[in-house]
Structure formats: structure tokens, C-alpha cells
Amino acid sequence: KGTTREQRALKYLKEHARQGDPDSVLETFDEFCRTQEWAMNAAEEKGDILDEIVRELQPTTCLELGTYCGYSAVRIARNLSPSARLITIEVNPDYAAVAREVVKLAGLQDKIEVINLDSADVIRELKNTYDVTKLDLVFLDHWKYLYIRDIKLIEEEKLLKKGSVVFADNVIIPGAPGYLEYIRGSKNYKSTFYSVHFEYMDDMKDGVEKSVYIGDE
Ligand SMILES: O=C(NCCNC(=O)c1cc(-c2ccc(F)cc2)cc(O)c1O)c1cc(O)ncn1
Ligand SMILES: [Mg+2]
């Protein structure tokens, strides 16, 4: 078939989800992944924990690494306060293009900015180019071996403040080499592990890690 899985998912969303309704977009995407084709969304149990973090933290500035089709970007942004925003970075141009459409379908284009660049290059520019002072929430969901590189870069750029939350997907499957040791071994974070099912697979276990920054500003 000439189409990619991501394009087929977008087509399904456009045909079955209610325009401007984030909840409908997410429900429809979950339905697609359970009935048509699996996709690597931070869904179900992972999404519920993400919802809980956003509702409790009420973050003003959020950063997501690894947009994919925009499922978690919509999941985060639907719970943000009016002036809050989410910057989400996706290195893959095909994924980024689909994500922009999904964000538009959800009616959240004023809250979400999808950037199709390498995460490290953007992190270095967040203060100067993207007008960011501090990050209240960071969601790590991109290439797993990059989690440790990028969290160190975020610390170097002094983008975290006391209470900032770093939430990492896939710390069991595929796993994030070096990340768990680093973040659990650091005196600057208080980390909690959540055992969750792998997205859309009731017989597979994954894990997510929530780390609260307690280091110096
Ligand atoms: O950004 C890029 N991947 C998304 C990172 N996310 C993941 O890799 C990811 C993978 C899995 C996963 C786990 C087990 C399995 F059998 C299949 C997939 C689950 C997840 O929840 C993820 O988040 C990317 C850009 C590119 O150009 N080429 C290549 N990959
Ligand atoms: Mg993931």
C-alpha cells in the first residue's frame, strides 16, 4: 500500500473523530490501535498517569521529546490552562507532518507547537529562540538511547526548577539505557516507578518513571 501506518491512522481519525474535540480524537485513536493497527502511543495506563501529573502540576511550560503522531501531545494539552503551552519535538518529518494534522483535528494548535528538528538542537535554543525560562513538565518518549543525553542537556541549560517533573515512557520496553541509573542515582531528583501495561497489549508489562526535580534552581 502506498500509505504508511501513521497516514492510515490520520485518515481514520479524520473520518471518525469529532473536529475540535481532543477527547474524541484520543478515544478514536485508541479504537484504531485496538481494532485496526497497533501504534506506539503513550495510551491507557500510561496516559492516565500523564493526565494525573498534568492535573496536579498545572504546568505552564511543557516539553515533549518524541511527538510521533501527537497522541500524548493532545493528551497533555487538553488538560492545560488557557495560557499554558506545549513544545513537542519530532525528528522524523513524516511523523511530524501527521502530528500537526492530529493537533489541528483536536483544535489545539494554539497550545501545541510541533518542531521537526533534532531534540538536542532545540533544547540548546529553548531560552534564546523559543522564549522559555523554565520547564514545568518534560515528557521523554523519543529514541530511548537519547533520554540520558537530553536530560543532561536540559540540566546544563538550567531549564528545571524545584518541583519540575520529568516523566519517562518505556523504561522497561524498549528500555532507556543508562537513564534509570542516572536519574535514580541523582540527588537532584525524587523518582517513582510505575509498572504499567505496554500500550494496547494486555499481556505485556512496561514501566514509566516520574522524577520530581529537587535540585538547586
Ligand atoms: O522517534 C522515533 N521513534 C519514536 C521513539 N519511540 C519509540 O521508539 C517507542 C518504541 C516502542 C516499541 C517497543 C517495542 C516494540 F516492539 C516496538 C516499538 C514503544 C514506545 O512507546 C516508543 O515510544 C523514530 C524516528 C525515526 O526517524 N526513526 C525511528 N524512530
Ligand atoms: Mg513511548
Side-chain angles (χ1 to χ4, degrees), residues 3-10 13 25-26 29-34 36-54 62-78 86-103 112-123 137-154 165-180 182-183 191-211:
T3 60
T4 63
R5 173 195 312 239
E6 292 74 30
Q7 287 165 331
R8 292 193 293 273
L10 177 60
L13 292 175
V25 169
L26 296 173
F29 210 153
D30 288 337
E31 181 194 314
F32 174 80
C33 292
R34 283 202 164 271
Q36 319 289 321
E37 300 181 66
W38 181 90
M40 54 185 168
N41 298 332
E44 299 165 327
E45 292 162 59
K46 296 179 174 185
D48 290 343
I49 296 168
L50 188 52
D51 291 346
E52 204 180 292
I53 289 169
V54 173
C62 308
L63 176 69
E64 173 182 69
L65 306 184
T67 318
Y68 187 45
C69 293
Y71 179 97
S72 47
V74 168
R75 191 128 193 178
I76 291 167
R78 69 174 176 164
L86 167 67
I87 293 173
T88 179
I89 308 170
E90 176 50 63
V91 70
N92 182 311
D94 301 321
Y95 296 171
V98 167
R100 289 190 174 111
E101 289 290 304
V102 173
V103 165
I112 302 170
E113 181 176 5
V114 179
I115 299 170
N116 175 216
L117 288 171
D118 173 82
S119 50
D121 297 337
V122 177
I123 292 167
L137 173 63
V138 178
F139 179 41
L140 304 175
D141 197 21
H142 59 336
W143 287 352
K144 309 313 158 194
Y145 69 94
L146 293 182
Y147 284 17
I148 188 161
R149 178 196 76 177
D150 289 350
I151 193 64
K152 286 180 175 176
L153 207 43
I154 286 166
V165 171
V166 180
F167 186 56
D169 189 19
N170 309 112
V171 296
I172 303 297
I173 301 181
Y179 177 75
L180 279 187
Y182 175 75
I183 206 85
S191 295
T192 311
F193 174 80
Y194 299 85
S195 176
V196 292
H197 284 98
F198 187 67
E199 49 264 33
Y200 312 116
M201 306 290 283
D202 304 335
D203 54 354
M204 274 173 71
K205 298 298 291 219
D206 189 2
V208 290
E209 187 92 354
K210 174 189 175 182
S211 303

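First listed ligand is number 1; within each ligand, the first listed atom is number 1.
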> Passes ring-ring contact (aromatic ring centres under 6.0 Å, His included), Trp38 versus Phe32? Steps please.
Replying inline: CA-CA 8 Å; Trp38 181 90; Phe32 174 80; over 10 Å; no
> Does the protein put any heavy atom within less than 4.0 Å of atom 16 (F) of ligand 1?
Replying inline: no
> If you measure from each non-hydrogen atom of Tyr68 to ligand 1, which part falls under 4.0 Å: side chain, backbone, both or neither?
Replying inline: neither
>> Can you check the angle at the Mg ion (ligand 2) formed by OD1 of Asp141 and OD2 of Asp169? Round it to the nearest 10°.
In response: 90°
> Which residue, Val166, Asn170, Val171, forms the side chain to side chain contact (heavy atoms under 4.5 Å, CB included) with Glu209?
Replying inline: Val171
>> Among all protein heavy atoms in this structure, tell me which lies nearest to atom 18 (C) of ligand 1, with the distance rounded to 0.1 Å.
In response: Trp38 CH2, 3.7 Å
> N/O of Trp143 under 3.5 Å from N/O of ligand 1, yes or no?
Replying inline: yes
> Of the backbone atoms (N, CA, C, O) and the side-chain heavy atoms from C-beta on, which set of Asp141 has a member under 4.0 Å from an atom of ligand 1: side chain, backbone, both, or neither?
Replying inline: both
> Is there a side-chain contact between Asp30 and Tyr71 (heavy atoms, below 4.5 Å)?
Replying inline: yes
> Which protein heavy atom lies closest to atom 4 (C) of ligand 1, and at what distance to 0.1 Å?
Replying inline: Met40 CE, 3.7 Å
> For Asn92 and ligand 1, does the shortest N/O to N/O distance drop below 3.5 Å?
Replying inline: yes
> Can you check whether Asn41 reaches Cys33 side chain to side chain, under 4.5 Å on heavy atoms?
Replying inline: yes
> Is it true that the side chains of Ser72 and Glu64 contain a donor and an acceptor less than 3.5 Å apart?
Replying inline: yes
> Would you say Ile49 and Val196 make side-chain contact, with heavy atoms under 4.5 Å?
Replying inline: yes
>> Only heavy atoms of Asn170, strictly under 4.0 Å: list the atoms of ligand 1 that pass.
In response: 19 (C), 20 (C), 21 (O), 22 (C), 23 (O)
> Pro174 near ligand 1, heavy-atom distance under 4.0 Å?
Replying inline: yes
>> Would you say the ring centers of Tyr68 and His142 fall short of 6.0 Å from each other?
In response: no
> Hey, is Tyr145 touching ligand 1 through its side chain, its backbone, both or neither, going by heavy atoms under 4.0 Å?
Replying inline: neither
> Is it the side chain, the backbone, both or neither of Asn41 that has a heavy atom closer than 4.0 Å to ligand 1?
Replying inline: neither
> What protein heavy atom sits nearest atom 13 (C) of ligand 1, and how far away is it?
Replying inline: Phe198 CZ, 3.4 Å
> Are Lys205 and Asp202 within salt-bridge range, i.e. N to O under 4.0 Å?
Replying inline: no
>> With heavy-atom distances below 4.5 Å as the criterion, would you say the side chains of Ser195 and Phe193 are in contact?
In response: yes
